[in-house]
*Asks:* 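Pasting a structure here, questions to come.
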Amino acid sequence: MSMTYLEAIREAQYEALRTHPSVFLYGQDIAAFGGAFKATKNLSKEFPGRVFDAPISEDAMVGLAVGAAIEGARPIIEMQFADFSTCGFNQIVNQAATLYWRTNTSCPITIRLPSGGTAGSGPFHSQSMESLYAHYPGLVILTPATVEDAYWMLLDAVELDDPVIFCEHKFLYYHLKADQIGERTLPIGKARIVRPGRHATVVTYSAMVHESIRAAEELQKDGYQIEVVDLRSVKPMDTDTILASVARTGRILCVGEAFPWGGVTAEVIARVSSEAFHLLDAPPMRLNAKDTPIPYHPNLWKSHRPTSSSIGDALRRLLRY
Amino acid sequence: MSMTYLEAIREAQYEALRTHPSVFLYGQDIAAFGGAFKATKNLSKEFPGRVFDAPISEDAMVGLAVGAAIEGARPIIEMQFADFSTCGFNQIVNQAATLYWRTNTSCPITIRLPSGGTAGSGPFHSQSMESLYAHYPGLVILTPATVEDAYWMLLDAVELDDPVIFCEHKFLYYHLKADQIGERTLPIGKARIVRPGRHATVVTYSAMVHESIRAAEELQKDGYQIEVVDLRSVKPMDTDTILASVARTGRILCVGEAFPWGGVTAEVIARVSSEAFHLLDAPPMRLNAKDTPIPYHPNLWKSHRPTSSSIGDALRRLLRY
Amino acid sequence: MAQCVTAFKSMLQARLLEEKLASLYRAGGRIVGGVYIGKGQEAFSAGLAVHLEKGKDVYGPLIRDQAGRLAFGEPLLDTFRTYLGVITGPMRGRDGNVHRGRPREGMPAMISHLGSLLSVVNGMLFARRLQGRLGDSVGATSLGEGGTSTGAFHEALNQAAIEKLPVIIAIANNQFSYSTPNSRQFACGDLLDRARGYGVQGYAVDGTDLTACVSVFSEAVKRARAGGGPQLVVGSLLRLSGHGEHDDSSYIPDQVKSSPLGQDCLPYAESQLKASDLITDEEVRKWKDEFLMEIDAALAQASKEPTPDPFRENWRALSTAGLVEGQFEA
Amino acid sequence: MAQCVTAFKSMLQARLLEEKLASLYRAGGRIVGGVYIGKGQEAFSAGLAVHLEKGKDVYGPLIRDQAGRLAFGEPLLDTFRTYLGVITGPMRGRDGNVHRGRPREGMPAMISHLGSLLSVVNGMLFARRLQGRLGDSVGATSLGEGGTSTGAFHEALNQAAIEKLPVIIAIANNQFSYSTPNSRQFACGDLLDRARGYGVQGYAVDGTDLTACVSVFSEAVKRARAGGGPQLVVGSLLRLSGHGEHDDSSYIPDQVKSSPLGQDCLPYAESQLKASDLITDEEVRKWKDEFLMEIDAALAQASKEPTPDPFRENWRALSTAGLVEGQFEA
Ligand SMILES: Cc1ncc(C[n+]2csc(CCOP(=O)(O)OP(=O)(O)O)c2C)c(N)n1
Ligand SMILES: Cc1ncc(C[n+]2csc(CCOP(=O)(O)OP(=O)(O)O)c2C)c(N)n1
Ligand SMILES: [Mg+2]
Ligand SMILES: [Mg+2]
């Protein structure tokens, strides 16, 4: 019996509802309908009175979650698409993210953002928003790349006493399958070396982990062993694991699907060059999406975000240095 | 006759209204009252029917500006504090910033954000939001540090055919004075070397330019010549000027007042280490505010953001390397 | 009444056009992205747009406004070119389906975030007034009842009321927002009750009844032109399709589907207009044939046109070319 | 009527307290940041809070609710400790003035962004109901008329109505939001007209009249406790101060100031209560003396307490210590 990334998200919510009486779900079309992506399929039946349809009011959705958290609940909010979280942005960064710091009251909410690009989805159903949220203090930003991480990290998110922005990637929803969910392995905040190597390190996360692995496999044919690090959590960021990898390889390429200015890749490269300058045998590189909105047409979309092929090209340049 | 940074902003708006019939101003309390900071003082009298009080509706304020721009107007929107622009965030990043790219219609709007910290202003009247907006494609982000730049760059912003986020720093409003406004010197997109040096480069912007200059002056006493680069515009970012400076000094510290994760300083360091790796004699460094909301009490606030003294300390570490 | 016939023709054309889009979607391969249609909402959509004048008025259509678009004068080709993502279309493959528009020609291009278009329409009218060229032109836009729950819509409607802008807001209350029934979307008896709280004129109409829609919007547009400020029109109806073509709308109870709300506005309008001797069977048949030919021709034309080429794309989000940076990557 | 006396005492205490804060502000040096007072709005503020029970109900005060805070039971010390920014206060110098609160004790701490508190109060009630411990407790919060223009407020009020939450929303219509008159803030005849559009109960009250406020809120709170859902109370009044102590409110026309809206609720309440023999001159004098002593004592106490020390501050924004990073800087 295999499970998709999307099913893992459903199962994690099932498990959260089952084991934590304080958990409830709130989001548009998530009750009887089971959500735009079916990530909450049947949950309203299995847990009557704990899964609620929300009005098209992202600001109030997040505000309600914060209030509920004050009273000891652990709400999971589903944004229908990550892109619509801009409408709840203020409540996330100013209400949820400051609550603990200002009032010593913890704010255990999880906001699920169906993130990232898929062909034909266009500028407003494709965004990767981890960098926006990571910039603000007081939030934990998770970006699972595997079925198992989708499952365990969502459970971890619910158990954390802090607000978590859970960036699940829509491209992986159906594409990614696992035979089974094993034991919980890494805690939140730890990156994973998904492929060992010694010639260069690719630091990446979410859907780009898979593009990077494919690129690494390509380069393997030419005898290059590329280490691929999956950040898993972009904030906190596991600098130690990154630096240890760079210490082994001397070269780093950081790959992200988000817009190029600032964000995860800039943060990674800034940390590596500040903290591991002497370990670098070549200038650090990064690869992001292009600096335009995300295009609708697949021809453009494929060129807008990094792919195994553009990652491979970048790696070759890095290795040539 | 001297002019403050705040007066320069008023004068620039005066000039914009005078010379461009398509300019109008829209913002809370900006008409008869002249704005919370008096940045539009008397303008509604001097330009009847062109300065409008807005309701407390940041989303609709920005939306109206975009619509007006479609019709050939060049609106200037005042946010009462930068922090409240989170409530207009969606219209800024998804409506204004995508208009040109999606529809080939230019969007000449200027959004003024009274930004940055002042003692006692606390978490919601002190934010520096340039990095948020710079992350999104389609926006120009200006961060003037001097009275002259406040004046000329605001005029430039109004004349640009693209949406501009104009981050004016509240700390400089009254503190900074110039004897007169000279000629327009640099175009948008060019950084300025405000202090030449040869031992290390500080790249910074907005209020931190002045803290950095003070730090540089301190270090001068020990014989160090610190070059200070004022970015002026954080997007586009003048990488050439930065790299040229690093080529001279071999050392870089990037200083910003914003939150530490991602953002301007990460972007600068990532560019420098990618593009000028071989020019660096020491690991690049950065200094930001701390990763918490901005504290209310001045004791905390002073430690939260970089100051001439913490910049000086960082520089000494950089020089010791 | 001539307007009813014009509106009817747009409804018919829209229905045929959307059937084509839906079948292309089901066939797979040619349509980029999803297909969202306005079946059942054509009367309400065209009933508004038929009163607008292209080149003079502003029309900001939303997701279910194919009929209104056609009534306003959007060329068929714009639709196909956008759905196929070819570079000749107004969105040039950069954005798609219902997001198309030509802002400088009075038709802003909606973004996905519901509620956020009204303030843009406000701004267009506001600027025209400032520039002294508003005259008696109006703006019009629509929204589903679900969209009224957004803060953006509230702010914009209030803004329109404060500025007394000549804007007509058509709320298509199709009882569901995606799967969510009205009972989870608002608690007032009728969305019309909102009008008074904004200080704007409100109207209720049976959205399945073309002649009723045409006459209510006629009144609303007239008042707006005459300086009466914003006009809020709430139409009751049902969408006779899924939310998008991927959706079977099984969450809409049969009982609702078979209620008067579920009346199909198109045959109803046809029978009304025939009964009034405004149109004949033969005319309808002729129009259908014409429209089908036009649709096929437009599709054939768009199909021949080039899809975007990433290497020819300029990849810039700013109109000021000099401020566009490289890709910041080494 | 006993509630009127209790409310009056909170009003008096608030007035004296805020006079002290204002004078400290003018003297300079001790108060951190600005001072925003509720002079003229005490009757409306206390008139609500006097019906709430601390430990049972939720109260989310806003900017001009010093009187309500005292009526709800917020200790004087919390005020001074927050304004002075000492670490013993609920905000520990991290946030200040009107932003103070103790969320776990039923008093959420407002952020500056207007309109964003109501959905938080909704959430508190929603969670209690889920947890089966709502009972007949209610939530209450307030907002200026200007705050009703925010999208956040609209979304939250609609949400409260959908969920039929027991929440009382007090809109203090003081005719101005900062300098902006109502004519630039909304276009409806009366904000009360909004109630129906949300499907909630609405009440209008003269906000300068304590007995009227106490009785309207009594009714509203009773209905909310009885399951009647959200209750929207609009009070008409004027703030008898600047927006903050830095502001001279010269933009408020004299004519408005001298209208009935400008009646000072405190002496008016005093005379009302005296006329009804509920209080005596002597009592008032005694209370004043007591309050002044308490105020001085609280100020003296807070003044002795330590201000934050950046070196002892833990500088972490997450409650999970293990996830806090260093300063990411080399
Ligand atoms: C701000 C925002 N949140 C969520 C969505 C996702 N979404 C797209 S259509 C839709 C339902 C819209 O319902 P309604 O407004 O009633 O229009 P209808 O589809 O019924 O015509 C939702 C929730 C969105 N587009 N914008
Ligand atoms: C979303 C948002 N925009 C702007 C502000 C700045 N601001 C603070 S108070 C105020 C006026 C508030 O008016 P009103 O709601 O009527 O309350 P009042 O001050 O009259 O009691 C404004 C505009 C804010 N706090 N929040
Ligand atoms: Mg609907
Ligand atoms: Mg007010």
*Asks:* Do C:Arg133 and B:Glu71 sit within salt-bridge range, that is, some charged N less than 4.0 Å from a carboxylate O?
*Replies:* yes
*Asks:* Would you give the length of the straight line joining atom CD of C:Glu155 to atom CG of B:Asp59, rounded to the nearest 0.5 angstrom?
*Replies:* 5.0 Å
*Asks:* Side chain, backbone, both or neither: which part of C:Pro103 has an atom under 4.5 Å from a heavy atom of chain B?
*Replies:* both
*Asks:* Once you round to the nearest 0.5 Å, how far does CZ of C:Arg316 lie from CH2 of B:Trp101?
*Replies:* 13.0 Å
*Asks:* Below 4.5 Å, heavy-atom pairs only: which of C:His154, C:His99, C:Arg100, C:Glu163 has the largest tally toward chain B?
*Replies:* C:His99
*Asks:* Is C:Ile162 close to B:Pro55 at the side-chain level, that is, under 4.5 Å between some pair of heavy atoms?
*Replies:* yes
*Asks:* Just so I understand: if I count every heavy-atom pair under 4.5 Å between each of B:Thr105, B:Val66, B:Leu99 and chain C, which residue has the most?
*Replies:* B:Thr105
*Asks:* Check for a donor-acceptor pair, side chain of B:Asp161 on one end and backbone N or O of C:Ser319 on the other, with a separation under 3.5 Å.
*Replies:* no
*Asks:* Assign the ring pair B:Phe24 / C:Phe126 to parallel, tilted or perpendicular, where the plane angle (0 to 90°) is split at 30° and 60°.
*Replies:* tilted
*Asks:* Please state whether the side chain, the backbone, both or neither of B:Ala65 comes within less than 4.5 Å of a heavy atom of chain C.
*Replies:* neither
*Asks:* Within this structure, what is the CZ-CG distance for the pair B:Phe52 and C:Leu130, rounded to the nearest 0.5 Å?
*Replies:* 4.5 Å
*Asks:* Taking B:Arg102 for its side chain and C:Met110 for its backbone only, find out whether a donor-acceptor pair lies under 3.5 Å.
*Replies:* yes
*Asks:* May I ask you to decide if B:Ala60's main-chain N or O and C:Gln159's side chain share a donor-acceptor pair within less than 3.5 Å?
*Replies:* yes
*Asks:* At a 4.5 Å cut-off on heavy atoms, which part of B:Met61 comes close to chain C: side chain, backbone, both, or neither?
*Replies:* backbone
*Asks:* The test is side chain to side chain contact (heavy atoms under 4.5 Å, CB included); show your working for B:Thr98 and C:Asp95 and say whether it passes.
*Replies:* CA-CA 10 Å; B:Thr98 67; C:Asp95 201 351; over 6 Å; no
*Asks:* Out of curiosity, B:Asn104 CG to C:Met91 CE, how far, rounded to the nearest 0.5 Å?
*Replies:* 10.0 Å
*Asks:* OG1/B:Thr103 to CZ/C:Arg102 distance, rounded to the nearest 0.5 angstrom?
*Replies:* 10.5 Å
*Asks:* More than 12 heavy atoms of other residues, nucleotides or ligands under 6.0 Å from NZ of B:Lys45: is that the case?
*Replies:* no
*Asks:* Give the member of C:Val121, C:Val120, C:Leu125 that has the highest number of heavy-atom pairs under 4.5 Å with chain B.
*Replies:* C:Val120
*Asks:* If you tally heavy-atom pairs under 4.5 Å against chain C, which of B:Val62, B:Asn94, B:Thr239, B:Ile56 wins?
*Replies:* B:Asn94
*Asks:* At a heavy-atom separation under 4.5 Å, does B:Phe277 approach chain C through its side chain, its backbone, both, or neither?
*Replies:* neither
*Asks:* Given heavy-atom pairs under 4.5 angstrom as the criterion, report whether the side chain, backbone, both or neither of B:Leu139 touches chain C.
*Replies:* backbone
*Asks:* Atom NE2 in C:His113, atom CG in B:Asn90: separation rounded to 0.5 Å?
*Replies:* 4.5 Å
*Asks:* When only pairs under 4.5 Å are counted, which of C:Leu318, C:Asn158, C:Leu157, C:Asn122 shares the most heavy-atom pairs with chain B?
*Replies:* C:Leu318
*Asks:* Go through the steps for C:Ser116 and B:Gln91 under the test side chain to side chain donor-acceptor pair (under 3.5 Å), then give the verdict.
*Replies:* CA-CA 7 Å; C:Ser116 60; B:Gln91 294 279 15; 4.6 Å; no
*Asks:* More than 12 heavy atoms of other residues, nucleotides or ligands under 6.0 Å from CZ of C:Arg128: yes or no?
*Replies:* yes
*Asks:* For chain B, find which of C:Gly322, C:Ala109, C:Ala156, C:Gly93 contributes the most heavy-atom pairs closer than 4.5 angstrom.
*Replies:* C:Ala109
*Asks:* At a heavy-atom distance under 4.5 Å, which candidate from B:Gly138, B:Ala69, B:Pro75, B:Ser273 has the highest pair count against chain C?
*Replies:* B:Gly138
*Asks:* Looking at C:Leu118, C:Asn314, C:Ile111, C:Thr320, which one has more heavy-atom pairs under 4.5 Å with chain B than the rest?
*Replies:* C:Ile111
